[in-house]
Amino acid sequence: QVQLVESGGGLVQPGGSLRLSCAASRSIDSIYIVGWFRQAPGKQRELVAAITSEDVTNYADSVKGRFTISRDNAKNTVYLQMNSLKPEDTAVYYCAATRRATLPRAPLGYDYWGQGTQVTVSS
């Protein structure tokens, strides 16, 4: 079992930046894949970025070149640096983790979820 807590969301103007944090209640360095999902009103939850225990990363096409996922194993924390934010990035962002060997892109592939943090991009 692992508990995940997100932080760092808020209101930002278009073109601005935010860094989201996902703090885990236990070590995740060798046994978990961690992903960031987002869900906008009326839309399905989608994978934004994920990182494996070997630091292999995967990004949605819509955020490539703007978002960066990273992990600090010493702090049991995964980050999502979001730059050049657009209004269409507005959503609730969720952190999720899984012990699967391969990186799942669907929400059902993840076993542990945080409560979510709101990101609003608006002028």
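Heavy atoms only: backbone and side chains are in, while hydrogens, waters and symmetry mates are out.
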- Would you say Q44's side chain and Q39's backbone share a donor-acceptor pair under 3.5 angstrom? no

- Query: So, do E88 and V121 sit near enough that their side-chain heavy atoms are less than 4.5 Å apart?
  - Reply: no

- Query: Rest of the hydrophobic cluster containing Y94 (Ile/Leu/Val/Met/Phe/Trp/Tyr, side-chain heavy atoms under 4.5 Å)?
  - Reply: I33, F37, L47, V92, L103, Y110, W113

- Item | For S25, side chain to side chain donor-acceptor pair (under 3.5 Å) partners two or more places apart | Q3

- Item | Residues that S53 engages under side chain to side chain donor-acceptor pair (under 3.5 Å), provided they are two or more places apart | none

- What's the spacing between I28 CD1 and K75 NZ if we round to 0.5 Å? 13.0 Å

- Identify, with sequence neighbours excluded, every residue that meets salt bridge (charged side-chain N to carboxylate O under 4.0 Å, His left out) alongside R105. none

- Query: Side-chain contact, heavy-atom cut-off 4.5 Å: L80 with Y93?
  - Reply: yes

- Note on the structure: Closest non-hydrogen atoms of A24 and L4, given as atom of the first, atom of the second and distance, are CB-CD2, 3.9 Å

- Task: Only pairs at least two apart or in different chains count here, so list each ring pair (Phe, Tyr, Trp, His ring centres under 6.0 Å) that has a residue in residues 40-74.
- Result: none

- Query: Counting distance only, does the side-chain N/O of T57 pair as donor-acceptor with the main-chain N or O of I51 below 3.5 Å?
  - Reply: no

- Have D72 and T77 got a donor and an acceptor in their side chains that come within less than 3.5 Å? no

- Query: Do any N or O atoms from the side chain of S122 and from the backbone of T120 form a donor-acceptor pair under 3.5 angstrom?
  - Reply: no

- Could you check if a side-chain atom of R26 sits within less than 4.5 angstrom of a side-chain atom of N76, using non-hydrogen atoms only? no

Solution key, residues 8-23 side-chain donor-acceptor pairs under 3.5 Å, sequence neighbours excluded:
from, atom 1, to, atom 2, distance (Å)
S17, OG, N83, OD1, 2.9

- Using side chain to side chain donor-acceptor pair (under 3.5 Å) as the criterion, list what pairs up with S62, not counting sequence neighbours. R38

- Which residues pass the salt bridge (charged side-chain N to carboxylate O under 4.0 Å, His left out) test with K43, sequence neighbours left out? none

- Selection residues 34-64 - residue pairs positive for disulfide (SG to SG under 2.5 Å), sequence neighbours left out: none

- Query: So which heavy atom on T52 is nearest to which on R71, and how close?
  - Reply: O-NH1, 2.8 Å

- Item | Any V78 side-chain heavy atom under 4.5 Å of I69 side chain | yes

- Task: Could I get the full list of salt bridge (charged side-chain N to carboxylate O under 4.0 Å, His left out) partners for D55, not counting sequence neighbours?
- Result: none

- Message: R66: which residues meet the side chain to side chain contact (heavy atoms under 4.5 Å, CB included) condition with it, sequence neighbours left out?
- Response: V63, S84, K86, D89

- Taking atom OG of S27 and atom OH of Y32, what is their separation to the nearest 0.5 Å? 9.0 Å

- Task: Each residue besides Y79 in its hydrophobic cluster should be listed here, by chain and number; the cluster joins Ile, Leu, Val, Met, Phe, Trp and Tyr at side-chain heavy-atom distances under 4.5 Å.
- Result: none

